[in-house]
Structure formats: structure tokens, C-alpha cells
Amino acid sequence: MTTVPEAGPFPQNNHPAEQSSADGGEQLRDDRPALRRCVAGDLDEFANTYWGSRALLSHGPDLPAPYDDLFSLDAVDELLSRRGLRTPFLRIAKNGSVVGDSQFTGPAGAGAEIADQVRDDKVAALFASGHTVVLQALHRTWPALVDFSTQLSADAGHPVQINAYITPAESQGFSAHYDVHDVFVLQVAGEKHWTVHEPVHLDPLRNQPWTDHAQAVGEAARDQAPVIDEVLRPGDALYVPRGFLHSAKALGGVSAHLTVGLHTLTRYLLVQELAALAADQVSLRTALPLGFDPGDPEQLAQVLPQVVELFTHELRTATPEALADRLRRRTWSSNRPAPLPPLAHAASITSLAVGTTVRLRAGLRCRLVPGDPLVLQLPDRTITFPPATTAAVTELVSGADCKVGNLPGLDDADQLVLVRRLLTEAVVVATAQ
């Protein structure tokens with residue numbers, strides 16, 4: 001079992017260039033520290049048995065550490081009172097009804113007149129009257145959770161978002177519903193009673209919210225036996241796949257939990273991008289007949305067979321390389337890599353010298369394609385290099401610490417040129433010595 005420090009920055013693992021197993025599938029890594037904090041037991045068993053199909057409760061004593069290094073009630077107060085949060089970083093709800101933003105926002109005085117800043121006094125009054133506070137996008141606003149989300153996205157291979165739900169004693173923020181992404185619930189403070197039911201709509205996509213099935217959701221939550229009916233205590237974790245119905249109620253004191261959402265990449269995503277590839281073919285861009293009524297089944301019957309034949313041909317001739325190129329650009333940017341301090345990073349470029357140690361920027365997705373030129377694929381662009389740099393670039397994107405002067409295949413001057421370019425492109429960062 002991987003142990004994790006109870007305080008301080010979350011340990012980072014970089015994603016090196018993609019490595020594949022002999023049968024063509026990506027190998028599961030043993031070192032998955034963020035996922036380990038969410039799941040007790042064998043992680044491969046979780047991947048094969050629970051992922052996307054079964055809810056799982058993990059008790060605190062079976063996990064590496066509690067979550068007070070990631071978040072706390074003190075952190076909630078700091079965010080609400082001292083960080084100048086604006087909507088939509090905050091929602092407030094009670095019994096399933098969301099409060100209008102105007103009830104807890106306003107301008108913040110001289111020099112900060114923007115009208116949608118969080119008012120701590122109004123939030124305090126709403127919370128005292130039984131409302132749940134929802135802090136949204138903490139993977140962008142709270143440092144420990146920025147690091148944790150970066151690592152979890154690397155561990156799981158799916159984009160991650162993090163919200164916090166802070167509920168007064170004996171209160172319920174939201175009634176039974178389902179999410180369109182998988183979630184890990186990490187209990188930070190207090191106790192909350194969770195009820196989880198089987199889905200009424202399997203594997204919902206992002207455009208298939210629970211409100212489309214509100215009646216079925218309400219009936220199932222009322223009439224069906226739950227698959228999980230437990231109290232979460234600090235340090236416990238609950239995995240809820242997308243589509244599973246869930247609701248929660250705080251018990252004897254203030255409850256706070258993190259909802260770590262994984263925006264699941266699905267097979268339908270491949271279908272969408274295959275359809276987008278077909279747009280490159282002129283035969284499928286041809287205009288329909290003048291006066292054509294797309295709502296008339298008889299008129300559709302005249303053109304549909306030809307369209308299906310053309311589209312089927314495009315599906316059968318699509319290459320994995322073309323599809324991967326589209327998917328890389330669409331998905332790799334869903335989670336930002338680790339924060340880059342602009343001033344310190346600029347200073348590291350200026351002071352670069354033989355002996356400087358650098359490593360791949362944590363959370364940066366990349367893939368190295370050998371050839372002439374050598375191509376480094378990044379979320380938003382590609383960078384090319386001479387083939388002679390292959391050994392050195394491979395080491396630099398491996399995720400390991402690399403010292404200028406020790407890179408293979410290049411003299412010191414060429415190593416400085418190469419590393420300076422990768423620093424300037426924000427691919428690698430200098431490490432503290």
C-alpha cells in the first residue's frame with residue numbers, strides 16, 4: 001500500500017510518453033497515489049469490477065490517510081471570507097432548490113466594485129438557516145486540491161473536477177438525483193448519511209441529466225432497496241458511478257465532503273469524432289435537394305441509404321492515427337497541468353546552466369513520435385526536433401529528474417539549447433535543489 005504524507009504538497013507523478021503493453025493495451029501503473037486515497041483494496045480489482053458499474057464504500061482505516069491535508073472547515077471559511085470568490089465558484093441550496101446568486105453576492109468596496117463577489121455575511125446567514133454551501137471548481141482555487149486533481153487525472157486517465165459540499169446539522173442540500181460523471185465522495189468533516197440506488201438510466205451522457213428522468217428517479221429512490229445505505233465519517237470514501245441515484249443528509253454536526261468528479265471518456269466520444277472525421281469528405285458535404293423537408297420520412301427515405309453507405313465507408317476507412325489526433329486535441333486539455341509560476345519559471349530559463357535539474361511538468365499529457373523530424377505531441381500543439389535529439393528528449397519527457405550535462409547523445413551546448421526550448425515551451429520545469 002502506498003503511503004501518502006498527511007500534510008504538505010500532494011506528491012506528483014508525471015505522465016511520460018505513452019507506454020503500451022505487448023498486446024497493444026495501456027499498462028496499469030502500480031504507483032497511483034491519488035487513486036489509492038479514494039479506494040481501499042486492490043486497485044486493479046476496482047478497475048475491473050467496480051469502475052463504471054458498482055458503487056463502493058471504503059472506510060478510513062483502510063485508506064492511507066484522512067483528508068485534512070487536502071481540505072478543512074478552516075479552508076471553507078478562508079475561501080468564503082478572504083479569497084474574493086465570484087460566481088460560479090459558489091452555489092447555495094436547500095432541499096434541492098438552488099438559491100439565486102443575488103442573495104449571497106455583491107460588490108466588494110473601493111477598487112473591487114464587481115457585483116458578483118461572494119458576501120461572507122450573507123453566506124453566514126444562509127448557512128445558519130440550514131442551507132448547503134457548494135464550493136465549485138476547487139481544482140482551480142485551492143492549492144492542495146489543484147495538485148490532487150492533477151495527480152488523480154494522471155492516475156485515472158479521465159478529466160477531474162472537485163467541488164465541496166458543506167451542510168449544516170440535520171440538513172439536506174439536494175434530493176435524490178444522478179450525476180453524468182463518476183464521483184468519489186471524500187468525507188472531510190462531520191458525518192453524513194448516504195443512500196445510493198441502482199440507475200434508472202444507465203451510463204448517462206453529459207446531455208442526459210437526471211431531470212430528464214425525474215419521475216423515475218423519485219420513484220426508484222422511494223420504492224427500491226438501496227445498494228448502499230451508510231454513514232460516512234471523516235476519512236471515508238464512497239465511489240458512485242455516473243447514473244447511480246444518490247442523496248445525503250448531514251447528521252449531528254456540520255458535514256463537509258469533497259465530490260471528486262471524473263468526466264468519463266466514453267465510446268460515444270469515439271463515435272462523435274468519427275463523425276467529425278467524415279466531414280472531410282466532399283461526398284458527405286453535398287447539399288440535399290432544393291426544397292428538401294428533413295422532417296418528412298418519405299423524403300428522408302430517398303437519400304438516407306446513400307448517406308448511410310457513404311458514412312459506413314468513412315467509418316471503415318478511418319485510421320487510428322487520424323482519430324487519435326482529434327481525440328488528443330479534444331481530451332488532453334480537459335485538465336490543466338500543474339501550475340507554472342511565471343516569474344520563477346522565467347528566472348529558471350535565464351539562469352539555465354550545466355548542472356541544472358529539470359523534469360516534465362506534472363500532469364502534462366504528451367506523446368513522443370520517433371522519426372525525422374522527431375515529434376512531441378502536446379494537448380494544443382506539436383513540437384519538432386532533429387532526430388539526433390531522440391535519446392535526450394525521450395529522457396526529458398520520461399518524468400524523471402534530468403540534469404543538464406548528463407543527457408545522452410548531445411554535447412553540453414546542444415543540451416542547453418534543447419532544455420531551454422523545452423523550458424520556454426513550458427514542457428519541463430526546473431526542480432528545486
Side-chain angles (χ1 to χ4, degrees), residues 7 66-149 161-177 179 183-195 231-238 246-261:
Y67 302 116
D68 49 3
D69 61 316
L70 299 180
F71 206 59
S72 66
L73 295 180
D74 287 341
V76 174
D77 276 343
E78 180 174 338
L79 282 164
L80 292 173
S81 63
R82 296 179 179 273
R83 293 296 184 97
L85 286 188
R86 300 174 59 190
T87 56
F89 287 101
L90 178 67
R91 280 190 304 158
I92 295 180
K94 186 175 184 181
N95 297 326
S97 297
V98 178
V99 171
D101 295 351
S102 62
Q103 295 190 43
F104 57 86
T105 61
E113 292 87 357
I114 298 170
D116 66 343
Q117 295 186 68
V118 171
R119 285 277 304 269
D120 47 12
D121 55 339
K122 293 185 177 182
V123 174
L126 288 167
F127 189 75
S129 66
H131 288 72
T132 289
V133 170
V134 185
L135 289 163
Q136 302 192 131
L138 289 171
H139 59 291
R140 296 296 306 141
T141 60
W142 191 251
L145 293 176
V146 172
D147 294 342
F148 181 76
S149 66
Q161 72 170 65
I162 302 179
N163 296 343
Y165 291 75
I166 304 92
T167 307
E170 304 295 336
S171 296
Q172 179 173 330
F174 296 90
S175 56
H177 65 284
D179 293 325
V183 300
F184 289 111
V185 176
L186 311 181
Q187 190 69 21
V188 172
E191 298 182 349
K192 185 166 281 190
H193 183 196
W194 281 81
T195 306
V231 173
L232 264 67
R233 297 176 174 84
D236 290 346
L238 175 65
H246 54 277
S247 62
K249 181 178 181 180
L251 299 181
V254 173
S255 169
H257 73 265
L258 299 171
T259 292
V260 182

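The basis for the numbers below is simple: all heavy atoms, side chains too, and nothing from hydrogens, waters or symmetry mates.
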Q.
So I92 and Q103, do their side chains get closer than 4.5 Å, heavy atoms only?
A. no

**Q.** side-chain hydrogen bond (donor to acceptor under 3.5 Å, both in side chains) partners for H246, two or more places apart
**A.** H177, D179

**Q.** Partner set under side-chain contact (heavy atoms from CB on, under 4.5 Å) for A75, not counting sequence neighbours
**A.** F71, S72, W142

Q. Considering residues at least two apart in sequence or located in another chain, which fulfil the side-chain contact (heavy atoms from CB on, under 4.5 Å) criterion with A112?
A. A108, Q117

Q: Mind checking side-chain hydrogen bond (donor to acceptor under 3.5 Å, both in side chains) for S247 and listing every partner two or more places apart, or none if nothing turns up?
A: none

Q | Closest contact, heavy atoms only, S102 versus K122 | A | O-NZ, 4.0 Å

Q | Which residues share a salt bridge (charged side-chain N to carboxylate O under 4.0 Å, His left out) with D116, sequence neighbours left out | A | R86

(Q) For a quick test of reading the model, state the closest non-hydrogen atom pair linking D236 to Y67 and the distance between them. (A) O-CE1, 3.5 Å

**Q.** Close side-chain approach of T132 and P168, heavy atoms under 4.5 Å
**A.** yes

Q.
Quick one, F148 and L186 - any side-chain contact, counting heavy atoms below 4.5 Å?
A. yes

Q. Say you draw a straight line from CD1 of I166 to CG of L80; how long is it, rounded to the nearest 0.5 Å?
A. 7.0 Å

Q. For R83, what residues pass the salt bridge (charged side-chain N to carboxylate O under 4.0 Å, His left out) criterion, not counting sequence neighbours?
A. E78

Q: List the atom of A256, the atom of Q187, and the distance in Å for their closest heavy-atom pair.
A: O-NE2, 3.6 Å

Q: Could you pull out all residues at least two apart from A137 that satisfy side-chain contact (heavy atoms from CB on, under 4.5 Å)?
A: F89, H139

Q.
Side chains of L135 and L90, heavy atoms from C-beta outward: is any pair under 4.5 Å?
A. yes

**Q.** Pairs meeting criterion salt bridge (charged side-chain N to carboxylate O under 4.0 Å, His left out) with involvement of residues 248-258, two or more places apart
**A.** none

Q) Residues in salt bridge (charged side-chain N to carboxylate O under 4.0 Å, His left out) with D121, at least two apart? A) R119

Q) Would you call the rings of Y165 and H257 parallel, tilted or perpendicular if under 30° counts as parallel and over 60° as perpendicular? A) parallel

Q | Atom pair CG (L85) and OG1 (T105), whose distance is rounded to the nearest 0.5 Å | A | 12.0 Å

Q.
Going by side-chain hydrogen bond (donor to acceptor under 3.5 Å, both in side chains), name the residues that satisfy it together with H131, two or more places apart in sequence or in a different chain.
A. S129

(Q) Under the rule for side-chain hydrogen bond (donor to acceptor under 3.5 Å, both in side chains), what residues qualify as partners of E170, not counting sequence neighbours? (A) none

Q: Would you kindly say whether T141 and Q136 are connected by a side-chain donor-acceptor distance under 3.5 Å?
A: no

Q. How far apart are the closest heavy atoms of A144 and L70, and which atoms are they?
A. CB-O, 3.7 Å

Q) Given R140 and S149, is the side-chain contact (heavy atoms from CB on, under 4.5 Å) satisfied, shown in steps? A) CA-CA 9 Å; R140 296 296 306 141; S149 66; over 6 Å; no

Q | Any side-chain heavy-atom pair of K94 and V99 under 4.5 Å | A | no

Q) Looking only at heavy atoms, what is the nearest atom pair of L145 and I162, with distance? A) O-CD1, 3.9 Å

Q) Quick one: salt bridge (charged side-chain N to carboxylate O under 4.0 Å, His left out) pairs with a partner in residues 104-114, sequence neighbours left out? A) none

